[in-house]
Amino acid sequence: MQKKTLLSTVVLLFLTGTVCADFFDDFKAAAKLHKERKYQAAAASYKKLAKQQKKANLAEICHLYAVKSLASGRKFDEALAASNAITTPEVREYAQMYTYNACGKKRQLKDVFKDTNISKWPDEYAYLGYFMRGSATPRAAGLKDLETALDCCGSDLQVKENILRELSDRYIQLKKNAQAHAALDRLIAEGVKGRAPYQAAVRSKAVLLAQEKKFDAADKMLARLSSKEKLQKFWFFIAKAKIETAKGNGSDAEQLYDKAFAMKGIPLPIIRFQKIEAGKSIPKFKEKK
């Protein structure tokens with residue numbers, strides 16, 4: 001099943017002569033504002049463009065993008081209000097769920113949309129809805145939605161990578177190792193080398209193998225990575241430290257953690273959480289009470 005973004009749908013309509021050049025140029029100009037993070041201006045442009053449309057489907061696309069721009073700018077109430085201009089109920093639900101997700105209101109998202117019948121949504125929105133709701137629903141309760149999202153995501157590779165990453169993390173959390181390996185293997189096989197989801201999958205696979213005492217396989221898996229990018233190098237040190245911990249090499253693990261925690265430019269919340277994790281096995285990093 002092929003998946004199209006709304007922008008690619010507009011391009012397709014333009015190429016088939018369904019929309020005029022003026023609309024296409026104005027839409028691209030609004031999209032450029034969004035890309036530049038001028039979210040309020042982008043939303044205003046989309047709304048203006050929507051009012052100019054005689055065709056309901058084009059107006060709806062513009063209204064949806066206006067909602068997305070406002071949500072990206074964390075204008076929660078404005079985005080929800082703007083969603084009321086979307087006439088198709090299922091698309092309006094998607095826009096509202098997107099708003100909750102983009103504004104970081106995942107707990108509320110889970111509660112507000114827990115009974116929403118996402119299967120009635122158009123295909124190009126349904127898999128995204130399942131992914132958002134599954135991500136917002138913790139532990140085993142969110143698995144069904146995440147698995148459905150994976151089944152429905154079609155050729156949307158970027159979203160597929162993120163779904164597989166979320167699923168594998170959830171399986172590991174629930175100690176469902178066989179399912180975790182399957183999700184990680186698929187992400188490693190189908191993901192784009194060098195991108196963050198692929199690298200995260202290799203690290204997770206290596207650590208999981210080490211925890212299963214398959215140390216040679218763990219080392220070979222981690223050896224696939226050679227990123228010089230700072231954050232990925234940090235995560236490499238963390239993964240290697242976890243592998244050495246599983247081997248019982250506490251001193252080597254401690255040195256690797258020290259290298260990671262000494263790196264400049266790593267967000268402090270990430271450092272703090274990883275120190276807490278390291279402290280579970282290495283006394284040096286235990287938080288002082």
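Hydrogens, waters and symmetry mates are skipped; everything else that's a heavy atom, side chains included, is used.
Of the possible polar contacts, none joining the R92 side chain to the S83 backbone as a donor-acceptor pair under 3.5 Å is found. With hydrogens and angles disregarded, no donor-acceptor distance shorter than 3.5 Å links the side chain of Q53 to the backbone of K55.
Side-chain contact between K110 and P138 is present, with at least one heavy-atom pair separated by less than 4.5 Å. Looking at heavy atoms from C-beta onward, Q274 lies out of side-chain contact with I266 at the 4.5 angstrom threshold. Using a 4.5 Å heavy-atom threshold, the side chains of N101 and M97 count as separate. Under the 4.5 Å side-chain criterion, counting only non-hydrogen atoms from C-beta, I61 is in contact with F27. A heavy-atom distance below 4.5 Å is found between the side chains of L208 and H181. Residues Q96 and V112 fail the side-chain proximity criterion, which asks for heavy atoms closer than 4.5 Å. For the pair L70 and K47, the minimum side-chain heavy-atom distance is below 4.5 Å. Counting heavy atoms from C-beta on, the side chains of Q199 and R203 come closer than 4.5 Å.
Sorted by first and then second residue, the ring pair (Phe, Tyr, Trp, His ring centres under 6.0 Å) pairs involving residues 229-282 (not counting sequence neighbours) are Y257-F261, Y257-F285, F261-F285. Applying the ring pair (Phe, Tyr, Trp, His ring centres under 6.0 Å) definition to pairs two or more places apart or across chains, none involves residues 185-224. Counting only residues at least two apart or in different chains, ring pair (Phe, Tyr, Trp, His ring centres under 6.0 Å) contacts with residues 96-115 comprise F76-Y100, Y100-F113.
Closest approach of A82 and V67 over heavy atoms only: C-CG2, 3.7 Å. Taking all atoms of both residues into account, the shortest heavy-atom contact from A30 to A42 is O-CB, 3.6 Å. When all heavy atoms are compared, the tightest approach of K106 to S135 is NZ-CB, 4.2 Å. When all heavy atoms are compared, the tightest approach of I172 to S204 is CD1-CB, 4.3 Å. Here the shortest heavy-atom pairing between A183 and L164 reads O-CD2, 3.9 Å. Among all heavy-atom pairs drawn from G129 and W121, the shortest one is CA-CZ3, 3.6 Å.
Within a 6.0 Å radius of CD in Q158, no more than 12 heavy atoms belonging to other residues, nucleotides or ligands are found. By the neighbour-count criterion of 12 heavy atoms within 6.0 Å, atom CZ of R37 is sparsely surrounded, having that number or fewer from other residues, nucleotides or ligands. Around the NZ atom of K284, the shell of radius 6.0 Å holds more than 12 heavy atoms that belong to other residues, nucleotides or ligands. Sparse packing is recorded around NZ of K75, with 12 or fewer heavy atoms of other residues, nucleotides or ligands lying under 6.0 Å away.
Cluster membership for L167 and V207, using ILVMFWY side-chain heavy atoms within less than 4.5 angstrom, is not shared. Hydrophobic clustering places L109 together with Y130 (ILVMFWY residues linked when any side-chain heavy atoms are closer than 4.5 Å, directly or through intermediates). Neither I276 nor M263 shares a network with the other; the hydrophobic side chains, linked directly or stepwise wherever heavy atoms of I, L, V, M, F, W or Y lie under 4.5 Å apart, form separate groups for each. A single hydrophobic cluster is seen to contain both L209 and L256, as judged by linkage of ILVMFWY side chains at heavy-atom distances under 4.5 Å, directly or through other members. The hydrophobic cluster containing L80 also contains Y125, counting ILVMFWY residues as joined when their side-chain heavy atoms lie under 4.5 angstrom apart, directly or transitively.
Distance check: C62 SG to K48 NZ gives 12.5 Å after rounding to the nearest 0.5 Å. Atoms CD1 and CG, from I163 and L187 in turn, are 11.0 Å apart once rounded to the nearest 0.5 Å. Atoms NZ and SG, from K160 and C152 in turn, are 12.0 Å apart once rounded to the nearest 0.5 Å. Here the CG-CG distance, from L150 to N162, works out to 11.5 Å after rounding to the nearest 0.5 Å. Taken from OH in Y65 to OH in Y46, the straight-line distance is 6.0 Å, to the nearest 0.5 Å. Rounded to the nearest 0.5 Å, atoms CD (E212) and CG (N177) are 4.5 Å apart.
Just one residue in the list D219, D216, D252 forms a salt bridge (Lys or Arg N to Asp or Glu O under 4.0 Å) with K247, and that residue is D219.
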Does the pair I243 and M221 meet the rule for a side-chain contact (heavy atoms from CB on, under 4.5 Å), with working shown? CA-CA 11 Å; I243 291 171; M221 179 59 60; over 6 Å; no
Let me see the working for L174 and L143 under side-chain contact (heavy atoms from CB on, under 4.5 Å), right down to the final yes or no. CA-CA 10 Å; L174 297 168; L143 283 179; 3.6 Å; yes
Show the numbers, then the answer: is there a side-chain contact (heavy atoms from CB on, under 4.5 Å) between Q40 and E78? CA-CA 10 Å; Q40 205 78 32; E78 287 183 48; 2.9 Å; yes
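A donor-acceptor pair shorter than 3.5 Å can be found between the side chains of E60 and T88.
Looking at residues two or more places apart in sequence or on another chain, you find no side chain to side chain donor-acceptor pair (under 3.5 Å) involving K220. Partners of D145 under the salt bridge (charged side-chain N to carboxylate O under 4.0 Å, His left out) rule, at least two apart in sequence or in another chain, are R133. Shown here are the ring-ring contact (aromatic ring centres under 6.0 Å, His included) partners of H34, two or more places apart in sequence or in another chain: Y39.
A salt bridge is defined here as a Lys NZ or Arg NE, NH1 or NH2 lying under 4.0 Å from an Asp or Glu carboxylate O, and R165 with E161 fails to meet this definition.
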